[in-house]
J.: 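I'd like to ask some things about the structure below.
So that the names make sense, note that chain A is the first sequence line, chain B the second, and so on, each numbered from 1. Here the structure is a predicted model, which means the values were calculated and not measured.
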Amino acid sequence: MASPSFQAPKGTRDILPPQSTRQRALIDLFADVVERASYGAVSTPMFEDIGVFLRLGEATDVVTKEMYDFVAKDGNHIALRPELTASVVRAFVQHRPATPWKVWYEGPQFRYERPQAGRYRQFTQVGIEALGTSDPELDVEVISLAADFYKRLGLEQVTLLLNSLGDATCRPGYLQALEGYFRDNIAELSEQSALTLDINPLRVLDSKRDQDQPLIDGAPLMVEFLTPELAEHFDQVCKGLEQLGIAYTLSPRLVRGLDYYTLTTFEFAADALDTAQNAIGGGGRYDGLAESLGGPDTPGIGFALGVDRILLACDAEDTFPAPSISPEVFVVDVSGAHVSLELTHMLREAGFTADRAWDNRSMKAQMKVSDRSEAAFAIIIGEDELAADSVTVRDLRGDSGQRLLKRTELISYLQTQLR
RNA sequence: GUGGCCGUAGCUCAGUUAGGUAGAGCUCCGCGUUGUGGUCGCGGUUGUCGCGGGUUCAAAUCCCGUCGGUCACCCCA
């Protein structure tokens with residue numbers, strides 16, 4: 001075989017059955033979880049005016065380094081969406097639906113990064129956004145829906161990390177203190193973190209370099225700077241989670257990569273994943289985002305969960321297998337009279353899942369294929385059956401053998417066996 | 001963007017150390033007599049050894065480049 005002239009672009013992949021079936025089942029399950037809580041599906045374009053995403057913050061790599069952007073034929077500067085919160089908030093601002101506005105989404109997103117396990121240039125996320133109220137109980141609802149979803153997938157080794165990032169009234173004071181602290185100890189900071197410090201002191205807290213750890217451990221904490229109202233909000237969130245029995249770990253150094261986050265911030269880590277990419281979901285409040293996109297000052301909160309990584313975590317915990325799409329019945333036709341063509345059609349119309357063999361192969365070969373299909377029954381038509389207007393139904397999984405039926409009896413017989 | 005490792009049949013991989021023009025298991029196909037799968041036995045198909053260039057009488061094997069994968073940093077889902 002000649003080597004293929006083309007392959008999927010770097011960092012992208014083809015998702016074939018049964019993985020594709022599994023991914024769809026995951027999205028169906030997610031829809032079930034969030035639609036029970038009255039989140040409606042929202043679908044936005046895969047590309048936007050780049051300005052929509054520039055609001056995510058100039059200190060974020062997602063915006064400055066990782067965007068797939070291009071100038072379209074009309075001269076407009078376009079970008080493939082690197083995440084969905086900005087698009088959804090843009091849609092909110094454009095249509096101004098009544099609040100609270102609760103929506104969910106799923107779909108591909110694009111970031112130009114070096115691929116790694118669990119990190120792709122095109123990846124799929126599911127998520128929800130809720131705009132229009134700053135009630136801390138909404139924070140609890142949002143977090144609990146993610147937790148419920150993981151639970152229903154069968155994931156057990158998931159840790160919820162929780163923090164509050166404050167807001168425009170108190171964060172500047174904290175940033176000042178943080179930057180001052182790092183500057184006083186700059187000699188102990190890694191070279192790269194020193195550069196990060198110039199751009200966004202918060203992000204230094206995220207460094208994984210060993211050299212930085214002692215300094216980070218001693219850094220001032222945002223929680224110490226929260227205004228009384230924000231501290232109260234955070235406290236309510238914690239209490240609400242406890243009320244629902246949702247375990248969390250206070251993580252005062254948790255910061256997120258997108259600059260728009262305020263107050264409640266959280267991340268879900270899959271402990272079963274033995275990689276650096278073990279964050280399988282994250283989110284938080286973004287109370288200033290709607291305004292920065294030209295809308296009214298509207299509080300909002302949401303999360304995004306990485307489908308690809310969640311499935312890796314499911315593999316690691318050996319849960320949520322791909323659902324079977326095996327047919328219930330498999331038609332084997334050696335009559336030479338094209339009976340399988342109409343028989344599979346009839347079976348499908350009657351509500352059964354049915355498949356068949358091709359190419360007029362020998363009975364032995366067709367039986368082999370029928371076994372491989374994992375069908376429960378083989379329906380066999382040979383010359384004898386053709387002449388008698390009947391079919392042989394063979395039980396492939398149990399021990400009930402096979403029986404000869406009139407063709408008119410087939411459907412009702414299968415109904416007794418399969419329904 | 002930086003660095004390490006890797007790239008051989010559809011799949012998993014051996015062969016690369018000491019250069020001599022490819023192998024295993026699984027899958028797939030056929031056969032084991034007259035119309036019957038799953039086990040077993042026998043036989044068979046499939047590779048420009050990721051791609052391009054170089055060294056050599058000779059390269060899967062050595063060198064360079066490139067593409068892709070992977071891991072860490074970075075970033076994040």
Side-chain angles (χ1 to χ4, degrees), chain A residues 1-13 16 56 59-66 82-85 106-127 146 190-193 195-196 199-200 203-204 206-212 254-258 267-270 273-283 303-313 330 332-336 357 359 361-375 377-386 392-397 399 401-402:
Chain A
M1 188 194 80
S3 53
S5 312
F6 298 105
Q7 51 189 314
K10 183 174 185 160
T12 69
R13 54 215 177 109
L16 313 178
L56 301 179
T60 73
D61 283 6
V62 167
V63 168
T64 54
K65 286 164 41 183
E66 300 171 0
E83 60 114 51
L84 264 162
T85 302
E106 60 85 16
Q109 283 140 86
F110 308 86
R111 293 180 197 173
Y112 190 89
E113 303 181 90
R114 278 282 286 270
Q116 223 168 295
R119 188 168 86 181
Y120 308 100
R121 289 185 171 182
Q122 176 177 332
F123 59 100
T124 302
Q125 287 186 330
V126 294
S190 70
E191 209 175 308
Q192 284 159 296
S193 287
L195 291 173
T196 308
I199 304 162
N200 185 348
R203 300 222 53 79
V204 177
D206 231 5
S207 165
K208 285 183 202 161
R209 285 172 287 266
D210 290 340
Q211 187 191 340
D212 296 328
L254 173 69
V255 295
R256 315 231 62 242
L258 280 348
E267 194 168 294
F268 290 90
L273 284 183
D274 197 21
T275 63
Q277 269 70 40
N278 72 339
I280 56 173
F303 63 65
L305 315 180
V307 170
D308 316 272
R309 286 184 194 177
I310 289 172
L311 289 174
L312 288 175
F330 194 96
V332 169
D333 177 7
V334 289
S335 70
D359 302 317
R361 297 221 276 154
S362 70
M363 167 156 293
K364 188 188 180 84
Q366 292 197 39
M367 282 304 294
K368 211 167 186 172
V369 179
S370 105
D371 180 58
R372 227 179 281 146
S373 79
E374 296 184 319
F377 291 96
I379 315 255
I380 304 165
I381 304 102
E383 284 174 25
D384 298 348
E385 288 86 351
L386 186 65
T392 294
V393 179
R394 181 175 177 81
D395 184 354
L396 294 173
R397 306 299 143 199
D399 50 9
Q402 63 186 42

J.: Quick check: any donor-acceptor pair below 3.5 Å linking the side-chain of A/Gln402 to the base of B/U36?
T.: yes
J.: Drop me the distance from A/Phe268's CZ to A/Arg309's CZ, to the nearest 0.5 angstrom.
T.: 15.0 Å
J.: 5'-most contact on RNA chain B: A/Pro9 or A/Arg397, nearest heavy atom basis?
T.: A/Arg397
J.: Considering every strand and a 4.0 Å limit on heavy-atom distances, what is the contact class for A/Ala365: base, sugar-phosphate, or nothing?
T.: sugar-phosphate
J.: Taking all heavy atoms of A/Ala357 and all of A/Gln366, pick out the closest pair and write down the distance.
T.: CB-OE1, 3.5 Å
J.: Would you measure the distance from the C1' atom in B/U61 across to the matching atom in B/G50 and give it in whole Å?
T.: 16 Å
J.: Please report the distance separating the P of B/C26 from the corresponding atom of B/C40, rounded so that it comes out in whole Å.
T.: 9 Å
J.: CG of A/Leu195 versus C1' of B/G1: gap in Å, rounded?
T.: 13 Å
J.: Any N or O donor-acceptor pair under 3.5 Å from the base of B/G37 to the side chain of A/Arg394?
T.: yes
J.: Could you give the NZ-to-C1' distance, from A/Lys364 to B/C40, as a whole number of Å?
T.: 11 Å
J.: Rounded to whole angstrom, note down the C1' distance from B/G43 over to B/C49.
T.: 26 Å
J.: Taking B/U17 as the reference, what is the distance to B/A59 when you measure between their C1' atoms (whole Å, please)?
T.: 16 Å
J.: Determine, for A/Asp333 against A/Arg361, whether the closest basic-nitrogen to carboxylate-oxygen distance falls under 4.0 angstrom.
T.: no
J.: Enter the distance from A/Glu385:CD to A/Ile380:CD1 here, rounded to the nearest 0.5 Å.
T.: 7.5 Å
J.: Quickly work out the A/Arg361 CZ to B/G35 P distance and round it to whole Å.
T.: 17 Å
J.: Using the P atom in both, what is the distance from B/C6 to B/G10, to the nearest Å?
T.: 23 Å
J.: Distance check needed: B/G37 P versus A/Gln366 CD, whole Å only.
T.: 12 Å
J.: Just verifying a value: how many Å separate A/Arg121 CZ and A/Arg111 CZ, rounded to the nearest 0.5 Å?
T.: 13.5 Å
J.: Provide the Watson-Crick or G-U wobble partner of B/G1, both distances under 3.5 Å; none if there is no partner.
T.: B/C73
J.: Could you identify the nucleotide paired to B/G38, looking across every strand shown and requiring Watson-Crick or G-U wobble geometry with both distances under 3.5 Å?
T.: none
J.: Please answer whether the main-chain N or O of A/Thr124 pairs with a side-chain N or O of A/Asp308 as donor and acceptor at a distance below 3.5 Å.
T.: yes
J.: Could you check how far NZ of A/Lys368 sits from P of B/G37, rounded to whole Å?
T.: 9 Å
J.: When the C1' atoms of B/G7 and B/C51 are considered, how many whole Å apart are they?
T.: 11 Å
J.: I need the CE-C1' distance between A/Met367 and B/G37, as an integer number of Å.
T.: 4 Å
J.: Using a 4.0 Å heavy-atom cut-off, does A/Gly401 contact any base of the nucleic acid, only the sugar-phosphate backbone, or nothing at all?
T.: nothing
J.: In Å, rounded to the nearest 0.5 Å, how long is the span from CD of A/Gln7 to OG1 of A/Thr12?
T.: 9.0 Å
J.: Verify the neighbour count for atom CD of A/Gln211: are there more than 12 heavy atoms of other residues, nucleotides or ligands below 6.0 Å?
T.: yes
J.: A/Arg13 near the nucleic acid: base, sugar-phosphate alone, or nothing, with a heavy-atom cut-off under 4.0 Å?
T.: nothing
J.: Could you measure between the two P atoms, the one in B/A58 and the one in B/C74, and give it in whole Å?
T.: 48 Å
J.: Assign A/Lys10 to base, sugar-phosphate, or nothing according to its heavy-atom contacts below 4.0 angstrom with the strands shown.
T.: sugar-phosphate
J.: Please tell me which of the listed nucleotides, B/G35, B/G68, B/C29, lies nearest to the side chain of A/Asp384?
T.: B/G35
J.: Tell me the interatomic distance from A/Asp371, atom CG, to B/G37, atom P, rounded to whole angstroms.
T.: 9 Å
J.: Which nucleotide, in any strand shown, forms a Watson-Crick or G-U wobble pair with B/G65, with both distances under 3.5 Å?
T.: B/C51
J.: Under 3.5 Å for both donor-acceptor distances, Watson-Crick or wobble: does B/U17 have a partner, and if so which one?
T.: none
J.: Summarise protein proximity over nucleotides 70-77 of chain B in one line of letters, 5' to 3': B for base, S for sugar-phosphate only, - for none, counting protein heavy atoms closer than 4.0 Å.
T.: -BBBBBBB
J.: Would you kindly give the CG-to-P distance between A/Asp395 and B/U36, to the nearest whole Å?
T.: 18 Å
J.: Rounding to an integer number of angstrom, what distance separates B/C5 and B/U16 when you compare their C1' atoms?
T.: 15 Å
J.: Does A/Glu191 reach a base, just sugar-phosphate, or nothing at all? Heavy atoms under 4.0 Å.
T.: nothing
J.: Drop me the distance from A/Lys208's NZ to A/Ser193's OG, to the nearest 0.5 angstrom.
T.: 12.5 Å
